[in-house]
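What follows is a single structure, written as structure tokens, with notes after it.
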Amino acid sequence: MDKKRGRPRNNEAEASILAASYELLLETGFAAVTVEKIAERAKVSKATIYKWWPNKAAVVMDGYLSAASARLPVPDTGSVQEDIVIHATNLAVFLRSREGKVITELIGEGQFDAGLAEAYRTRFFAPRRQEARQLLERGVTRGELQADLDIESCIDLLYGPIFYRLLITGDNLDEAFVKYLTTAAFEGIKR
């Protein structure tokens, strides 16, 4: 029987660390956040942080996600198109907020920090893709979408333009754009 070494995580200390990393991220940006500053604000040792997270990127992403995930609920209205409109609109609204702008900062920093890029891909983007996948699979199961639908390509079709505007063009990323985008996309993927 294998037992984990060391003491289990202290929920209060973990919450304090996650809150401190999130606050520092919003206040100073990723580059200025250090494990030392997180430890100081959370009133824990650096060793405690390194015992639970492999690096700064991992703790910062976990802090960010623990605060941000409540703002991105997964809808189930009974209509796949309506669910995607709500999901994509919530994402667009979130990305325009101060918390959402952190994602663009993290993507930029991730170009020079492979650990950070891996952390935001696996901890932020992969779960959002999984949510979209579940919504589209639900639509296929209910017969609203083509049975042979290429789900991964549809996710790119529906969500790619949001990130294109966010990261490349800087064009308006509002609810009207998301509604137009999803309506146009669903014309091609509906059953």
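As the structure is a prediction and not an experimental result, all values here were calculated from the model.
Counting only distance, with no hydrogens or angles, the side chain of Lys101 and the backbone of Leu26 share no donor-acceptor pair below 3.5 Å. Of the possible donor and acceptor atoms, one in the side chain of Thr182 sits under 3.5 Å from a partner among the backbone N and O of Lys179. A distance-only check finds no donor-acceptor pair linking the side chain of Glu105 to the backbone of Gly29 [under 3.5 Å]. The backbone N or O of Ile107 sits less than 3.5 Å from a side-chain atom of Gln111, completing a donor-acceptor pair. The main-chain N or O of Val85 is found under 3.5 Å from a side-chain atom of Thr89 such that the two form a donor-acceptor pair. A donor-acceptor pair is defined here as one N or O able to donate and one able to accept, closer than 3.5 Å; such a pair exists between the side chain of Ser97 and the backbone of Phe94. Asn90 contributes no side-chain N or O that, together with a main-chain N or O of Leu72, makes up a donor-acceptor pair within less than 3.5 Å. Distance alone, capped at 3.5 Å, places no donor-acceptor pair between the Tyr22 side chain and the Asp62 backbone. The backbone N or O of Ile151 lies less than 3.5 Å from no partner atom in the side chain of Arg133, so there is not a single donor-acceptor pair.
Residues Pro161 and Asp156 come closest through the heavy atom pair CD-O, 3.7 Å. In plain terms, the two heavy atoms of Leu136 and Leu145 that are nearest each other are O-CD1, 3.6 Å. Thr122 approaches Ala126 most closely through the heavy-atom pair O-CB, 3.6 Å. Of all heavy-atom pairs between Ser45 and Ala39, the closest is C-CB, 4.0 Å. What you find for Thr48 and Ile17 is that their closest heavy atoms are CG2-CD1, 4.1 Å.
Using a 4.0 Å cut-off between charged nitrogen and carboxylate oxygen, Arg123 and Glu118 do not count as a salt-bridge pair. One finds a salt bridge joining Arg128 and Glu131 here, because a Lys/Arg side-chain nitrogen approaches an Asp/Glu carboxylate oxygen to under 4.0 Å. Looking at Asp174 and Arg165, no side-chain N of the basic residue comes within less than 4.0 Å of a carboxylate O on the acidic one, giving no salt bridge. Glu144 and Arg138 are not joined by a salt bridge, as no carboxylate oxygen comes within less than 4.0 angstrom of a charged side-chain nitrogen. By the 4.0 Å N-to-carboxylate-O rule, Glu27 lies close enough to Arg41 to be salt-bridged with it.
Note: Tyr159 and Tyr164 fail the aromatic proximity criterion, with ring centroids not under 6.0 Å apart.
Heavy-atom neighbours of Glu137 CD from other residues, nucleotides or ligands within 6.0 Å: above the threshold of 12.
Note: Phe30 CZ to Met61 CE = 9.0 Å, rounded to the nearest 0.5 Å.
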